[in-house]
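Protein chains get the first letters and strands the later ones, always in sequence-line order, with residue 1 at the start of each. Quick caveat: nothing in here was measured; it's all calculated off a predicted structure.
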Amino acid sequence: MKIQAVKGTRDFYPPQMAVRNFIVDGWKAASKRCGFVQYDGPIFEYLQMYQVKSGDEIVEQLFNFEDRGGRRLAIRPEITPTLARMVNQQISSLPRPIKWFSVPRLCRAERPQKGRLREFFQWNIDVIGVEDVLADAEVIYCCLDYLRSLRLTSADITARISSRRLLAAVLMNIGIAEERLASIYPILDKKPKIPAEAFEEMLNKEIDSAATVQTIIRLMNVHAVEEIGRIVELNDAARQAMQEVSRLFALLTLMGVGEYCRFDMGIVRGLAYYTGIVFEVHDAVGELRAICGGGRYDNLLSDFGGPHMTATGMGMGDCVLEILLREKGLLKDDTLPIQRLDYFVAYADAGLFDRAVQVTAALREKGFSCDFSYKPAALGKQLKQADALGAAKCIIAGQELTAEGKLVVRDMSSGTQESIPAAQLLK
RNA sequence: GUGGAUGUAGCUCAGUUGGUUAGAGCACUAGAUUGUGGUUCUAGGGGUCGCGGGUUCGAGUCCCGUCUUCCACCCCA
């Protein structure tokens, strides 16, 4: 019986694994550069943990199951609830600020499509306990620092940044009741994905005043903070939120990533729990789904039974990123060596097999990666194998070894070789 | 969950109006090469043509179902 891989999953053969490691290693390096430390949690949690934030409809999009003790569990679709749970458990003993990152493997029971699979990896970074917009700047910077390290330029990608606080202040100022905001955000978030007429129609259903709807439409097209004042009156809350946004952009400019960043009132994020700065990084053309998204969430820890604690963070999946890197020619499988040996030990005569094994073991003991042929093939064959394995150098045990105690060291890229006393090489 | 496209060797694909024993390139293995790799040449292994049913004397080819993959929708933490 032939069994195939489950829908929406990937097999990572060595070449694909090299790609995955390339991405994940970059994530880890960028996190460490920016002072984040790594954490991880279990790959399954109580199902209830994911219902707290998102309600019952989320259950259909989770892989959930019951264990033998009757516990309702789910494979993690995100790691933020786990982060909240872990931080809550040790909140009083953790040094601040809490700057943690993770590269969890996540699963969502959705139908796969371009840039979205049912199992994937997601880089998460979070700063917990820092009220200052500096924390948002650090998160956005770290994310851009990584993308920049892949040689993506501001012509390739854009960080679109807005503020839930600013949006709420402005909307409330033009007559939207606070309790209506939660139902309006998801509509605003859809704007780039639907026709203008459909967007207007959805707003009209939710909002009675046609004039208010027109004002919102104008606001959604704002790409500079100063323009907001020309569309609506500003109250203190709005001015304060604007100052915060301005400071964020000033910080990002100081950090040297200002050219990647644009203010965009249209960035809302569908999720209800965002409370401050929100952002997404998109490809400049805008043909792919978001490369990453994040923002400030001030209520999450308390939602999970902890104290009130401000936090900001972001998540970046591996699928869209890989598509973008391939489109930009920044990721080619053949440039990622799946195995790179320091040495390959060949033996010219079957009688030298034992010596070859000893030499191999000695080189390994010294910390070199080293391999040898398991059967006494012709020397040409062994060199071919050395080449296939990507060996930098090939050591040949031949008559020089028996006659003068010397090993031949062949440089595989140049083809030059020299005889070196075995004792010296293995010293 | 809805719709469209798709499926032939490990990979990329050919396969005539339905007709004998299903092909190529690449990859893999072995040999040409008994002390020197990347090139070349030769040979070999590998397919119940996604799976199941139907039509037919006969199905890779036509019909139905199903699964997979891809694309879009719903959703997007």
[N] versus [M] - spacing of their [atom1] atoms, nearest Å:
N	M	atom1	answer
B:C75	B:A5	P	24 Å
B:G19	B:G58	P	15 Å
B:G31	B:U12	P	30 Å
B:U33	B:G38	P	14 Å
B:G10	B:U48	P	8 Å
B:C28	B:G45	C1'	9 Å
B:C49	B:A14	C1'	13 Å
B:U2	B:G60	P	32 Å

Which nucleotide in the set [options] lies at the smallest distance from any side-chain heavy atom of [X]?
X	options	answer
A:Glu110	B:A72, B:U69, B:A77	B:A77
A:Arg116	B:C75, B:G37, B:G35	B:C75
A:Gln399	B:U68, B:A30, B:G35	B:G35

Assuming nearest nucleotide by heavy-atom distance, tell me which of A:Asp411 and A:Pro112 is located more 5' along RNA chain B.
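Per heavy-atom nearest nucleotide, the more 5' residue is A:Asp411.
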So what does [X] touch, heavy atoms closer than 4.0 Å: a base, only the sugar-phosphate, or nothing?
X	answer
A:Ile396	base
A:Arg76	nothing
A:Lys375	sugar-phosphate
A:Gly398	base
A:Gly8	sugar-phosphate
A:Gly415	base

Euclidean distance, atom [atom1] of residue [X] to atom [atom2] of [N] [Å, nearest integer]:
X	N	atom1	atom2	value
A:Asp189	B:C76	CG	C1'	9 Å
A:Phe372	B:G37	CZ	C1'	19 Å
A:Asp371	B:G37	CG	C1'	16 Å

Short heteroatom pairs, N/O only, protein and nucleotides 3-9 of chain B, under 3.5 Å:
none

Verify whether one side chain among A:Glu200 and A:Gln214 offers a donor that lies under 3.5 Å from an acceptor in the other.
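Distance-only check passes for A:Glu200 and A:Gln214.
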Do A:Thr153 and A:Asp156 get their side chains close enough for a donor-acceptor pair, meaning under 3.5 Å?
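The answer is yes; a qualifying pair exists.
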Is it true that A:Phe372 and A:Tyr374 have ring centroids separated by less than 6.0 Å?
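Yes, the ring centres sit under 6.0 Å apart.
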Does [X] come within less than 4.0 Å of [Y], counting only side-chain N to carboxylate O?
X	Y	result
A:Asp126	A:Arg296	no
A:Asp387	A:Lys384	no
A:Arg85	A:Glu45	yes
A:Arg116	A:Glu110	yes
A:Arg165	A:Glu244	yes
A:Arg108	A:Glu119	no

Once hydrogens and angles are ignored, does a donor-acceptor distance under 3.5 Å link the base of B:G35 to the side chain of A:Glu400?
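When only heavy-atom distances are counted, A:Glu400 does reach the base of B:G35 through a donor-acceptor pair under 3.5 Å.
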Side-chain donor or acceptor of A:Gln417 under 3.5 Å from a matching atom on the base of B:U36?
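By the distance-only test, yes, there is a pair.
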Scan A:His282, A:Gln113, A:Glu280 and name whichever one has a side-chain hydrogen bond (donor to acceptor under 3.5 Å, both in side chains) with A:Arg289.
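Testing each of A:His282, A:Gln113, A:Glu280 against A:Arg289, the sole residue satisfying side-chain hydrogen bond (donor to acceptor under 3.5 Å, both in side chains) is A:Gln113.
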Filtered N/O pairs between nucleotides 40-46 of chain B and protein, under 3.5 Å:
none

Is the positively charged end of A:Arg164 above the ring of A:Tyr185, judged by distance under 6.0 angstrom from the centroid and angle within 45° of the axis?
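Judged by the rule (NZ or CZ under 6.0 Å from the ring centre, within 45° of its axis), A:Arg164 counts as positioned above A:Tyr185.
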